[in-house]
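Heads up: numbering here begins at 1 and tracks the sequence.
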Amino acid sequence: MRLLLAVALLLLAAVSPASAQRLEEAVREHTLANGMKLLMVERHASPTVSAWIRYRVGSVDERSDERGVAHLLEHMLFKGTKTLGTKDYAAEKPLLERIEATAQRLVAEKARRGKGDRERIARLEEELAALEKAAAQYAVREEFFEIYARNGGTDYNAFTGKDGTTYLVSLPANKLELWAAIESDRMMNPVLREFYSERAVVMEERRRSYDTQPEGQLWENFLAAAFVAHPYGQPIIGWMSDLENLTRTRAEAFLHRYYAPNNAVVAVVGDIDPDRTIALVERYFGAIPPGVDVPPVAVDEPPQAGEKRIDLRLDSESHLLIGFHKPVYPDPDDDVFDVIEMILAEGKTSRLHRRLVQELELATEVSAFSAPGHRYPNLFIVAATPRSPHPPAEVEQAIRRELERLMIEPVTERELQQVLNRLEYEEVVRMSSNSGLAHLLTEYEAVTGSWRCLIEHRRRVAAVTPADVMRVAKTCFTRENRTVGAIVRKEAAP
(Lines give C-alpha, C1' and ligand atoms only; values in the text may rest on other atoms or scores of the structure.)
Protein backbone atom coordinates (compact mmCIF):
# COMPACT_ATOMS: atom_id res chain seq x y z
CA MET A 1 0.00 0.00 0.00
CA ARG A 2 1.86 3.03 -1.31
CA LEU A 3 0.23 5.39 1.21
CA LEU A 4 2.14 3.57 3.91
CA LEU A 5 5.33 5.20 2.69
CA ALA A 6 4.24 8.53 4.16
CA VAL A 7 4.12 7.08 7.67
CA ALA A 8 6.84 8.72 9.60
CA LEU A 9 5.79 12.17 8.49
CA LEU A 10 2.74 11.68 10.64
CA LEU A 11 4.89 11.13 13.69
CA LEU A 12 6.11 14.66 13.18
CA ALA A 13 2.96 16.22 11.78
CA ALA A 14 0.68 15.12 14.56
CA VAL A 15 2.72 16.44 17.45
CA SER A 16 4.29 19.65 18.62
CA PRO A 17 8.09 19.86 18.40
CA ALA A 18 8.25 20.89 22.06
CA SER A 19 6.60 17.78 23.41
CA ALA A 20 7.87 15.31 20.80
CA GLN A 21 4.71 13.38 21.51
CA ARG A 22 4.26 10.24 19.44
CA LEU A 23 1.42 10.03 16.99
CA GLU A 24 0.03 7.04 18.85
CA GLU A 25 -0.39 9.25 21.91
CA ALA A 26 -1.67 12.24 19.91
CA VAL A 27 -4.62 10.51 18.24
CA ARG A 28 -7.78 10.43 20.34
CA GLU A 29 -10.38 7.81 19.44
CA HIS A 30 -14.08 7.68 20.15
CA THR A 31 -16.70 5.24 18.84
CA LEU A 32 -20.36 6.26 18.88
CA ALA A 33 -23.07 3.78 19.87
CA ASN A 34 -24.20 3.64 16.22
CA GLY A 35 -20.73 2.45 15.19
CA MET A 36 -19.24 5.64 13.75
CA LYS A 37 -15.50 5.91 14.45
CA LEU A 38 -14.12 9.34 15.34
CA LEU A 39 -10.37 10.07 15.20
CA MET A 40 -9.05 13.40 16.48
CA VAL A 41 -5.67 15.12 16.59
CA GLU A 42 -5.32 18.38 18.47
CA ARG A 43 -2.91 20.81 16.81
CA HIS A 44 -2.89 24.55 17.45
CA ALA A 45 -0.48 25.79 14.77
CA SER A 46 -3.36 27.68 13.11
CA PRO A 47 -7.02 28.34 14.02
CA THR A 48 -8.26 25.89 11.40
CA VAL A 49 -9.53 22.34 11.23
CA SER A 50 -9.82 19.67 8.54
CA ALA A 51 -12.71 17.22 8.70
CA TRP A 52 -12.87 14.06 6.59
CA ILE A 53 -15.68 11.49 6.44
CA ARG A 54 -14.64 8.20 4.85
CA TYR A 55 -17.30 5.60 4.04
CA ARG A 56 -16.10 2.01 3.80
CA VAL A 57 -17.98 1.49 0.54
CA GLY A 58 -16.72 1.92 -3.01
CA SER A 59 -17.18 0.48 -6.46
CA VAL A 60 -15.78 -2.90 -5.37
CA ASP A 61 -18.92 -3.34 -3.24
CA GLU A 62 -21.39 -2.95 -6.12
CA ARG A 63 -23.33 -5.86 -7.53
CA SER A 64 -23.40 -6.38 -11.28
CA ASP A 65 -26.70 -4.46 -11.54
CA GLU A 66 -25.29 -1.54 -9.50
CA ARG A 67 -22.05 -0.74 -11.31
CA GLY A 68 -21.31 2.97 -11.24
CA VAL A 69 -23.71 3.72 -8.37
CA ALA A 70 -21.04 4.62 -5.76
CA HIS A 71 -19.50 7.22 -8.07
CA LEU A 72 -22.90 8.58 -9.07
CA LEU A 73 -23.88 8.87 -5.41
CA GLU A 74 -20.73 10.93 -4.81
CA HIS A 75 -22.23 13.47 -7.23
CA MET A 76 -25.75 13.15 -5.84
CA LEU A 77 -24.85 13.78 -2.21
CA PHE A 78 -23.91 17.34 -3.15
CA LYS A 79 -27.53 17.93 -4.20
CA GLY A 80 -28.83 18.56 -0.72
CA THR A 81 -31.25 17.26 1.88
CA LYS A 82 -34.83 17.82 2.94
CA THR A 83 -33.82 21.26 4.23
CA LEU A 84 -30.78 22.20 2.14
CA GLY A 85 -30.78 22.47 -1.63
CA THR A 86 -34.51 23.08 -1.84
CA LYS A 87 -36.88 26.06 -1.70
CA ASP A 88 -39.88 23.96 -0.69
CA TYR A 89 -39.39 20.24 -0.12
CA ALA A 90 -43.09 19.63 0.54
CA ALA A 91 -43.92 20.90 -2.95
CA GLU A 92 -40.85 19.29 -4.52
CA LYS A 93 -41.36 15.78 -3.12
CA PRO A 94 -44.47 14.82 -5.19
CA LEU A 95 -42.67 15.91 -8.36
CA LEU A 96 -39.64 13.79 -7.46
CA GLU A 97 -41.92 10.79 -7.00
CA ARG A 98 -43.57 11.38 -10.39
CA ILE A 99 -40.13 11.77 -12.00
CA GLU A 100 -39.04 8.42 -10.60
CA ALA A 101 -42.19 6.60 -11.67
CA THR A 102 -41.78 7.94 -15.22
CA ALA A 103 -38.06 7.18 -15.30
CA GLN A 104 -38.66 3.59 -14.14
CA ARG A 105 -41.04 3.04 -17.06
CA LEU A 106 -38.61 4.66 -19.48
CA VAL A 107 -35.62 2.56 -18.33
CA ALA A 108 -37.70 -0.61 -18.54
CA GLU A 109 -38.85 0.18 -22.08
CA LYS A 110 -35.32 1.03 -23.23
CA ALA A 111 -34.03 -2.20 -21.67
CA ARG A 112 -36.07 -4.11 -24.25
CA ARG A 113 -33.57 -2.84 -26.84
CA GLY A 114 -34.85 -3.51 -30.35
CA LYS A 115 -38.20 -4.69 -29.05
CA GLY A 116 -38.91 -1.43 -27.24
CA ASP A 117 -41.78 0.79 -28.37
CA ARG A 118 -40.08 3.84 -29.90
CA GLU A 119 -43.17 6.00 -29.70
CA ARG A 120 -43.63 5.15 -26.03
CA ILE A 121 -39.97 5.88 -25.36
CA ALA A 122 -40.24 9.28 -27.03
CA ARG A 123 -43.42 10.08 -25.10
CA LEU A 124 -41.83 9.06 -21.76
CA GLU A 125 -38.71 11.11 -22.52
CA GLU A 126 -40.85 14.20 -23.13
CA GLU A 127 -42.82 13.58 -19.94
CA LEU A 128 -39.62 13.10 -17.93
CA ALA A 129 -38.09 16.30 -19.30
CA ALA A 130 -41.21 18.28 -18.41
CA LEU A 131 -41.31 16.90 -14.88
CA GLU A 132 -37.62 17.61 -14.33
CA LYS A 133 -38.13 21.19 -15.53
CA ALA A 134 -40.98 21.59 -13.07
CA ALA A 135 -38.94 20.19 -10.19
CA ALA A 136 -35.92 22.34 -11.05
CA GLN A 137 -37.76 25.48 -9.87
CA TYR A 138 -37.46 24.20 -6.29
CA ALA A 139 -33.78 23.22 -6.42
CA VAL A 140 -31.11 25.43 -4.88
CA ARG A 141 -27.88 24.39 -6.55
CA GLU A 142 -24.53 24.30 -4.75
CA GLU A 143 -26.04 25.33 -1.41
CA PHE A 144 -23.55 23.18 0.56
CA PHE A 145 -20.67 24.86 -1.24
CA GLU A 146 -22.10 28.35 -0.78
CA ILE A 147 -22.60 27.89 2.96
CA TYR A 148 -19.10 26.56 3.48
CA ALA A 149 -17.58 29.29 1.29
CA ARG A 150 -19.39 32.07 3.18
CA ASN A 151 -17.97 30.67 6.41
CA GLY A 152 -14.35 30.39 5.31
CA GLY A 153 -14.46 26.78 4.13
CA THR A 154 -11.85 25.57 1.64
CA ASP A 155 -10.96 22.32 -0.14
CA TYR A 156 -14.59 21.22 -0.09
CA ASN A 157 -14.56 18.08 -2.19
CA ALA A 158 -15.30 14.37 -2.48
CA PHE A 159 -13.85 11.37 -4.27
CA THR A 160 -14.82 7.77 -4.91
CA GLY A 161 -12.43 4.86 -5.35
CA LYS A 162 -12.55 1.11 -5.54
CA ASP A 163 -12.42 0.84 -1.74
CA GLY A 164 -14.37 3.81 -0.41
CA THR A 165 -15.95 7.24 -0.72
CA THR A 166 -14.72 10.37 1.08
CA TYR A 167 -16.13 13.84 1.77
CA LEU A 168 -13.76 16.52 3.04
CA VAL A 169 -13.52 20.18 3.95
CA SER A 170 -11.20 22.54 5.82
CA LEU A 171 -12.61 25.50 7.70
CA PRO A 172 -12.01 27.88 10.61
CA ALA A 173 -11.96 26.05 13.92
CA ASN A 174 -14.89 28.07 15.26
CA LYS A 175 -17.07 26.74 12.40
CA LEU A 176 -16.76 23.08 13.36
CA GLU A 177 -20.36 22.98 14.58
CA LEU A 178 -21.48 24.19 11.15
CA TRP A 179 -19.68 21.19 9.63
CA ALA A 180 -21.37 18.84 12.10
CA ALA A 181 -24.80 20.27 11.34
CA ILE A 182 -24.37 20.06 7.56
CA GLU A 183 -22.76 16.63 7.39
CA SER A 184 -25.09 14.96 9.88
CA ASP A 185 -28.04 16.30 7.86
CA ARG A 186 -26.47 14.96 4.67
CA MET A 187 -25.94 11.55 6.30
CA MET A 188 -29.47 11.35 7.73
CA ASN A 189 -31.69 13.18 5.22
CA PRO A 190 -30.15 13.06 1.72
CA VAL A 191 -32.40 13.81 -1.23
CA LEU A 192 -31.30 12.63 -4.67
CA ARG A 193 -32.86 15.51 -6.58
CA GLU A 194 -31.92 16.12 -10.23
CA PHE A 195 -30.90 12.45 -10.40
CA TYR A 196 -31.40 11.87 -14.12
CA SER A 197 -29.84 15.13 -15.23
CA GLU A 198 -26.82 14.33 -13.04
CA ARG A 199 -26.71 10.81 -14.45
CA ALA A 200 -26.43 12.44 -17.88
CA VAL A 201 -23.50 14.52 -16.55
CA VAL A 202 -21.75 11.34 -15.41
CA MET A 203 -22.39 9.68 -18.77
CA GLU A 204 -20.75 12.67 -20.46
CA GLU A 205 -17.85 12.38 -18.00
CA ARG A 206 -17.50 8.75 -19.07
CA ARG A 207 -17.42 9.70 -22.76
CA ARG A 208 -14.89 12.46 -22.15
CA SER A 209 -12.54 10.63 -19.77
CA TYR A 210 -12.72 7.05 -21.04
CA ASP A 211 -14.58 6.39 -24.28
CA THR A 212 -12.73 9.11 -26.21
CA GLN A 213 -9.56 9.28 -24.08
CA PRO A 214 -6.89 6.76 -25.16
CA GLU A 215 -5.23 6.28 -21.79
CA GLY A 216 -8.64 5.93 -20.16
CA GLN A 217 -9.56 3.23 -22.67
CA LEU A 218 -6.27 1.46 -22.01
CA TRP A 219 -6.72 1.56 -18.23
CA GLU A 220 -10.24 0.10 -18.37
CA ASN A 221 -9.31 -2.66 -20.79
CA PHE A 222 -6.14 -3.45 -18.85
CA LEU A 223 -8.00 -3.92 -15.54
CA ALA A 224 -10.82 -5.86 -17.19
CA ALA A 225 -8.24 -8.27 -18.62
CA ALA A 226 -6.27 -8.60 -15.38
CA PHE A 227 -9.32 -9.35 -13.21
CA VAL A 228 -11.68 -11.92 -14.69
CA ALA A 229 -13.71 -12.58 -11.51
CA HIS A 230 -12.99 -9.93 -8.88
CA PRO A 231 -14.86 -6.60 -9.12
CA TYR A 232 -11.55 -4.71 -9.09
CA GLY A 233 -11.77 -5.26 -12.83
CA GLN A 234 -14.87 -3.11 -13.26
CA PRO A 235 -14.60 0.66 -13.79
CA ILE A 236 -15.41 2.97 -10.89
CA ILE A 237 -17.60 5.10 -13.14
CA GLY A 238 -19.37 2.02 -14.55
CA TRP A 239 -19.82 0.98 -18.16
CA MET A 240 -22.14 3.12 -20.27
CA SER A 241 -24.91 0.51 -20.27
CA ASP A 242 -24.66 0.32 -16.47
CA LEU A 243 -25.29 4.06 -16.22
CA GLU A 244 -28.19 3.91 -18.67
CA ASN A 245 -29.95 1.41 -16.40
CA LEU A 246 -29.27 3.06 -13.04
CA THR A 247 -32.41 4.46 -11.40
CA ARG A 248 -32.88 6.68 -8.39
CA THR A 249 -34.69 3.83 -6.63
CA ARG A 250 -31.67 1.57 -7.01
CA ALA A 251 -29.26 4.32 -5.95
CA GLU A 252 -31.35 5.12 -2.87
CA ALA A 253 -31.35 1.46 -1.84
CA PHE A 254 -27.54 1.35 -2.05
CA LEU A 255 -27.28 4.68 -0.22
CA HIS A 256 -29.54 3.77 2.71
CA ARG A 257 -27.95 0.34 3.01
CA TYR A 258 -24.32 1.44 3.35
CA TYR A 259 -23.87 5.21 3.77
CA ALA A 260 -24.49 5.11 7.48
CA PRO A 261 -22.55 5.73 10.70
CA ASN A 262 -21.44 2.12 11.18
CA ASN A 263 -19.59 2.30 7.84
CA ALA A 264 -18.10 5.76 8.44
CA VAL A 265 -14.70 6.84 9.76
CA VAL A 266 -14.42 10.52 10.68
CA ALA A 267 -11.15 12.38 11.26
CA VAL A 268 -11.03 15.90 12.72
CA VAL A 269 -7.54 17.40 12.81
CA GLY A 270 -6.52 20.89 13.88
CA ASP A 271 -7.33 23.53 16.48
CA ILE A 272 -9.82 21.51 18.51
CA ASP A 273 -10.62 20.46 22.04
CA PRO A 274 -11.15 16.67 21.80
CA ASP A 275 -13.67 16.49 24.65
CA ARG A 276 -15.79 19.26 23.13
CA THR A 277 -15.45 17.65 19.69
CA ILE A 278 -16.72 14.32 21.03
CA ALA A 279 -19.70 16.07 22.61
CA LEU A 280 -20.40 17.93 19.36
CA VAL A 281 -20.23 14.81 17.20
CA GLU A 282 -22.38 12.86 19.65
CA ARG A 283 -25.01 15.61 19.60
CA TYR A 284 -25.27 15.77 15.80
CA PHE A 285 -24.44 12.23 14.66
CA GLY A 286 -25.31 10.07 17.66
CA ALA A 287 -29.03 9.69 16.88
CA ILE A 288 -28.50 8.55 13.27
CA PRO A 289 -29.37 4.84 13.04
CA PRO A 290 -26.77 2.42 11.71
CA GLY A 291 -27.13 0.80 8.30
CA VAL A 292 -25.93 -2.58 7.05
CA ASP A 293 -22.26 -3.45 7.53
CA VAL A 294 -20.54 -3.61 4.15
CA PRO A 295 -19.95 -7.33 3.55
CA PRO A 296 -16.56 -8.51 2.29
CA VAL A 297 -16.29 -9.37 -1.37
CA ALA A 298 -16.64 -13.15 -1.41
CA VAL A 299 -15.08 -13.88 -4.80
CA ASP A 300 -11.35 -14.57 -5.07
CA GLU A 301 -9.51 -13.78 -8.27
CA PRO A 302 -8.29 -17.16 -9.61
CA PRO A 303 -4.52 -17.48 -10.15
CA GLN A 304 -3.52 -16.27 -13.58
CA ALA A 305 -2.41 -19.19 -15.74
CA GLY A 306 -0.79 -17.31 -18.59
CA GLU A 307 0.25 -13.93 -19.91
CA LYS A 308 -2.53 -11.57 -21.05
CA ARG A 309 -2.06 -8.82 -23.62
CA ILE A 310 -4.16 -5.82 -24.64
CA ASP A 311 -3.07 -3.84 -27.71
CA LEU A 312 -5.10 -0.78 -28.63
CA ARG A 313 -4.42 0.57 -32.13
CA LEU A 314 -5.24 4.25 -31.78
CA ASP A 315 -4.29 7.55 -33.34
CA SER A 316 -2.56 8.56 -30.12
CA GLU A 317 0.77 8.69 -28.37
CA SER A 318 1.96 5.29 -27.18
CA HIS A 319 1.56 4.17 -23.58
CA LEU A 320 2.48 0.97 -21.74
CA LEU A 321 1.18 -0.80 -18.63
CA ILE A 322 2.69 -3.98 -17.17
CA GLY A 323 0.90 -5.52 -14.19
CA PHE A 324 1.46 -8.46 -11.84
CA HIS A 325 -0.97 -9.82 -9.25
CA LYS A 326 0.25 -9.32 -5.68
CA PRO A 327 -0.96 -9.55 -2.06
CA VAL A 328 -1.93 -6.63 0.18
CA TYR A 329 -1.69 -5.83 3.88
CA PRO A 330 -1.46 -7.70 6.26
CA ASP A 331 0.67 -9.96 4.04
CA PRO A 332 4.28 -8.88 4.84
CA ASP A 333 5.20 -9.09 1.16
CA ASP A 334 3.12 -5.95 0.60
CA ASP A 335 5.91 -4.02 2.34
CA VAL A 336 8.46 -5.62 0.02
CA PHE A 337 6.53 -4.32 -2.98
CA ASP A 338 6.64 -0.82 -1.47
CA VAL A 339 10.44 -1.12 -1.35
CA ILE A 340 10.59 -2.45 -4.92
CA GLU A 341 8.38 0.41 -6.08
CA MET A 342 10.71 3.04 -4.63
CA ILE A 343 13.88 1.36 -5.89
CA LEU A 344 12.46 1.04 -9.39
CA ALA A 345 10.66 4.32 -9.95
CA GLU A 346 10.75 6.81 -7.06
CA GLY A 347 12.60 9.90 -8.21
CA LYS A 348 15.18 10.62 -10.86
CA THR A 349 17.81 8.39 -9.21
CA SER A 350 15.55 5.31 -9.40
CA ARG A 351 16.59 2.39 -11.58
CA LEU A 352 13.90 2.68 -14.24
CA HIS A 353 14.24 6.44 -14.58
CA ARG A 354 18.01 6.29 -14.91
CA ARG A 355 17.94 3.41 -17.38
CA LEU A 356 14.90 4.14 -19.56
CA VAL A 357 14.69 7.94 -19.42
CA GLN A 358 18.28 9.12 -18.99
CA GLU A 359 20.56 6.45 -20.45
CA LEU A 360 18.62 4.66 -23.21
CA GLU A 361 16.15 7.53 -23.84
CA LEU A 362 13.41 5.00 -24.49
CA ALA A 363 10.72 6.74 -22.43
CA THR A 364 9.73 10.24 -21.41
CA GLU A 365 8.39 9.07 -18.06
CA VAL A 366 8.05 5.89 -16.03
CA SER A 367 6.31 5.07 -12.77
CA ALA A 368 5.44 2.13 -10.52
CA PHE A 369 2.49 1.77 -8.15
CA SER A 370 -0.01 -0.66 -6.66
CA ALA A 371 -3.61 -0.45 -7.89
CA PRO A 372 -6.56 -0.39 -8.35
CA GLY A 373 -7.44 -0.79 -4.63
CA HIS A 374 -5.92 -1.92 -1.35
CA ARG A 375 -8.64 -3.88 0.47
CA TYR A 376 -8.13 -6.96 -1.69
CA PRO A 377 -5.18 -8.46 -3.63
CA ASN A 378 -4.23 -5.99 -6.33
CA LEU A 379 -1.62 -5.38 -9.04
CA PHE A 380 1.94 -4.10 -9.01
CA ILE A 381 2.03 -1.92 -12.12
CA VAL A 382 4.83 -0.34 -14.10
CA ALA A 383 3.65 2.40 -16.46
CA ALA A 384 5.72 4.10 -19.14
CA THR A 385 5.31 6.60 -21.96
CA PRO A 386 7.60 5.56 -24.84
CA ARG A 387 9.71 8.26 -26.44
CA SER A 388 9.13 8.46 -30.19
CA PRO A 389 10.14 6.57 -32.32
CA HIS A 390 10.58 3.71 -29.80
CA PRO A 391 7.60 1.30 -29.76
CA PRO A 392 6.04 -0.03 -26.53
CA ALA A 393 7.55 -3.47 -27.18
CA GLU A 394 11.07 -2.05 -26.94
CA VAL A 395 10.28 -0.23 -23.70
CA GLU A 396 8.65 -3.37 -22.33
CA GLN A 397 11.81 -5.40 -22.94
CA ALA A 398 13.91 -2.83 -21.08
CA ILE A 399 11.51 -2.88 -18.11
CA ARG A 400 11.50 -6.66 -18.02
CA ARG A 401 15.30 -6.68 -17.89
CA GLU A 402 15.19 -4.46 -14.81
CA LEU A 403 12.59 -6.72 -13.18
CA GLU A 404 14.73 -9.77 -13.95
CA ARG A 405 17.70 -7.99 -12.43
CA LEU A 406 15.82 -7.89 -9.11
CA MET A 407 15.56 -11.68 -9.23
CA ILE A 408 19.26 -12.42 -9.65
CA GLU A 409 21.12 -9.43 -8.21
CA PRO A 410 20.61 -8.38 -4.59
CA VAL A 411 19.64 -4.76 -4.10
CA THR A 412 22.31 -2.83 -2.25
CA GLU A 413 22.19 -1.68 1.34
CA ARG A 414 22.66 1.82 -0.04
CA GLU A 415 19.44 1.50 -2.04
CA LEU A 416 17.55 0.28 1.01
CA GLN A 417 18.89 3.22 2.99
CA GLN A 418 17.76 5.57 0.22
CA VAL A 419 14.23 4.18 0.65
CA LEU A 420 14.29 5.15 4.33
CA ASN A 421 15.81 8.52 3.49
CA ARG A 422 12.99 9.11 1.04
CA LEU A 423 10.49 8.46 3.81
CA GLU A 424 12.17 11.09 5.95
CA TYR A 425 12.04 13.55 3.06
CA GLU A 426 8.31 12.97 2.66
CA GLU A 427 7.90 13.59 6.39
CA VAL A 428 9.32 17.10 6.10
CA VAL A 429 7.30 17.92 2.97
CA ARG A 430 3.94 16.86 4.36
CA MET A 431 4.31 17.32 8.11
CA SER A 432 2.28 20.54 8.38
CA SER A 433 -0.93 19.45 6.64
CA ASN A 434 -4.05 18.91 8.75
CA SER A 435 -5.85 17.65 5.67
CA GLY A 436 -3.08 15.19 4.79
CA LEU A 437 -3.16 13.71 8.27
CA ALA A 438 -6.96 13.43 8.26
CA HIS A 439 -6.73 11.69 4.89
CA LEU A 440 -4.26 9.09 6.09
CA LEU A 441 -6.05 8.43 9.37
CA THR A 442 -9.36 7.74 7.63
CA GLU A 443 -7.72 5.72 4.85
CA TYR A 444 -5.77 3.43 7.15
CA GLU A 445 -8.66 2.95 9.56
CA ALA A 446 -11.02 2.07 6.71
CA VAL A 447 -8.70 -0.14 4.67
CA THR A 448 -6.56 -1.95 7.27
CA GLY A 449 -8.95 -1.84 10.21
CA SER A 450 -6.72 0.38 12.33
CA TRP A 451 -5.03 3.73 11.80
CA ARG A 452 -2.18 2.39 13.96
CA CYS A 453 -0.92 0.38 10.97
CA LEU A 454 0.55 3.59 9.58
CA ILE A 455 2.91 4.04 12.55
CA GLU A 456 4.25 0.51 12.11
CA HIS A 457 5.16 0.82 8.46
CA ARG A 458 8.60 2.35 8.72
CA ARG A 459 9.69 -0.46 11.03
CA ARG A 460 8.35 -3.04 8.57
CA VAL A 461 10.08 -1.36 5.63
CA ALA A 462 13.35 -1.22 7.56
CA ALA A 463 13.11 -4.99 8.09
CA VAL A 464 12.97 -5.77 4.35
CA THR A 465 16.16 -7.49 3.19
CA PRO A 466 17.79 -7.98 -0.23
CA ALA A 467 16.80 -11.64 0.02
CA ASP A 468 13.15 -10.62 0.48
CA VAL A 469 13.29 -8.51 -2.68
CA MET A 470 14.80 -11.35 -4.71
CA ARG A 471 12.26 -13.88 -3.38
CA VAL A 472 9.25 -11.69 -4.10
CA ALA A 473 10.56 -10.72 -7.56
CA LYS A 474 11.06 -14.37 -8.52
CA THR A 475 7.59 -15.29 -7.29
CA CYS A 476 5.66 -12.36 -8.76
CA PHE A 477 7.40 -11.13 -11.90
CA THR A 478 6.69 -14.21 -13.99
CA ARG A 479 5.27 -14.50 -17.46
CA GLU A 480 2.26 -16.46 -16.20
CA ASN A 481 1.40 -13.67 -13.75
CA ARG A 482 1.84 -10.84 -16.24
CA THR A 483 -0.75 -8.62 -17.93
CA VAL A 484 0.48 -6.15 -20.55
CA GLY A 485 -1.52 -3.31 -22.03
CA ALA A 486 -0.28 -0.93 -24.72
CA ILE A 487 -1.43 1.85 -26.97
CA VAL A 488 0.28 1.50 -30.34
CA ARG A 489 0.02 4.35 -32.83
CA LYS A 490 -1.95 3.27 -35.87
CA GLU A 491 0.79 4.21 -38.34
CA ALA A 492 3.27 2.19 -36.27
CA ALA A 493 1.15 -0.95 -36.22
CA PRO A 494 2.42 -3.79 -38.42
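- For the pair R400 and E396, the salt-bridge criterion is met [side-chain N within less than 4.0 Å of a carboxylate O].
- Considering only heavy atoms from C-beta on, T86 stays 4.5 Å or farther from V191 through its side chain.
- A salt bridge (charged side-chain N to carboxylate O under 4.0 Å, His left out) with E127 is found for one member of R120, R105, R98, K133 and no other, namely R105.
- Side-chain atoms of T249 and E100 form a donor-acceptor pair, as typed in the model, at a separation below 3.5 Å.
- Using a 4.5 Å cut-off on side-chain heavy atoms (C-beta onward), V366 and S350 make no contact.
- The pair D242-R206 does not meet the salt-bridge criterion, since no charged nitrogen lies less than 4.0 angstrom from a carboxylate oxygen.
- For the pair L39/K37, a side-chain contact is recorded, criterion being any heavy-atom separation below 4.5 Å from C-beta on.
- Annotation for E119: atom CD does not count as buried by contact number, only 12 or fewer foreign heavy atoms lying within 6.0 Å.
- Under the 3.5 Å distance criterion, the side-chain polar atoms of N263 are left unmatched by any main-chain donor or acceptor of A260.
- Shown here is F159, whose CZ atom has more than 12 heavy atoms of other residues, nucleotides or ligands within 6.0 Å.
- Heavy-atom neighbours of R309 CZ from other residues, nucleotides or ligands within 6.0 Å: above the threshold of 12.
- Looking only at side-chain heavy atoms (C-beta outward), Y232 and L379 stay at 4.5 Å or farther from each other.
- From L362, atom CG reaches atom OG of S388 across 12.0 Å, with rounding to the nearest 0.5 Å.
- For the pair E62 (side chain) and G68 (backbone), a donor-acceptor distance under 3.5 Å is present.
- For the pair E74 (side chain) and T160 (backbone), a donor-acceptor distance under 3.5 Å is present.
- Relative to the six-membered ring of F78, R186 meets both conditions, a distance below 6.0 Å and an angle of at most 45° to the axis.
- Side-chain N or O atoms of Q234 include one that pairs as donor or acceptor with a backbone N or O of S59 at under 3.5 Å.
- Using a 4.5 Å cut-off on side-chain heavy atoms (C-beta onward), L344 and F380 make contact.
- Side-chain atoms of R67 never come within 3.5 Å of backbone atoms of W239 as a donor-acceptor pair (strictly under, hydrogens ignored).
- In this structure, Q213 contributes its side chain and R208 its backbone to no donor-acceptor pair below 3.5 Å.
- Annotation: side chain of I399 is in contact with side chain of L356 (closest heavy-atom distance under 4.5 Å).
- In this pair, H230 and F227 present their aromatic rings tilted. The plane angle is within the 30 to 60° band.
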Chi angles and distances behind the salt bridge (charged side-chain N to carboxylate O under 4.0 Å, His left out) call for E109, R123: CA-CA 11 Å; E109 193 66 33; R123 187 169 62 253; over 6 Å; no
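- Rounded to the nearest 0.5 angstrom, D334 CG and K326 NZ are separated by 4.0 Å.
- Here the CG atom belonging to L176 is positioned 11.5 Å from the OG1 atom belonging to T48, to the nearest 0.5 angstrom.
- Looking at D155 and S435, their side chains never bring a donor and an acceptor atom within 3.5 Å of each other.
- A salt bridge does not link E244 to K110: none of the charged nitrogens lies less than 4.0 Å from a carboxylate oxygen.
- Ionic pairing of E204 and R207 is present here: one or more N-O contacts between side-chain nitrogen and carboxylate oxygen are shorter than 4.0 angstrom.
- No donor-acceptor pair under 3.5 Å is formed between the side chain of E317 and the backbone N or O of T385.
- Checked by atom type, the side-chain pair S197/E132 shows no donor-acceptor distance below 3.5 Å.
- In this structure, the side chains of K175 and V169 stay at 4.5 Å or more apart for every pair of heavy atoms.
- With contacts defined as side-chain heavy-atom distances shorter than 4.5 Å, the pair D88/Y138 qualifies.
- Between the side chains of H325 and Q304, at least one donor N or O lies within less than 3.5 Å of an accepting N or O.
- Annotation: the span from L106 atom CG to T247 atom OG1 amounts to 11.5 Å, rounded to 0.5 Å.
- One distance of note links CD1 of I322 with CD1 of I381; it measures 11.0 Å at 0.5 Å rounding.
- Taking a 6.0 Å sphere around CD of E142, one finds it holds 12 or fewer heavy atoms contributed by other residues, nucleotides or ligands.
- Salt-bridge check for K93 with E97: passed, with a basic side-chain N closer than 4.0 Å to an acidic carboxylate O.
- Here E445 does not pair with R54 in a salt bridge; the nearest charged N to carboxylate O distance is not below 4.0 Å.
- Put simply, the side chain of Y259 never gets that close to the backbone of A264: no donor and acceptor are under 3.5 Å apart.
- Of the possible polar contacts, none joining the E307 side chain to the E480 backbone as a donor-acceptor pair under 3.5 Å is found.
- K308 contributes a side-chain N or O that, together with a main-chain N or O of A225, makes up a donor-acceptor pair within less than 3.5 Å.
- Residue Y156 forms a ring pair (Phe, Tyr, Trp, His ring centres under 6.0 Å) with just one option from W179, Y148, Y167, W52, and that option is Y148.
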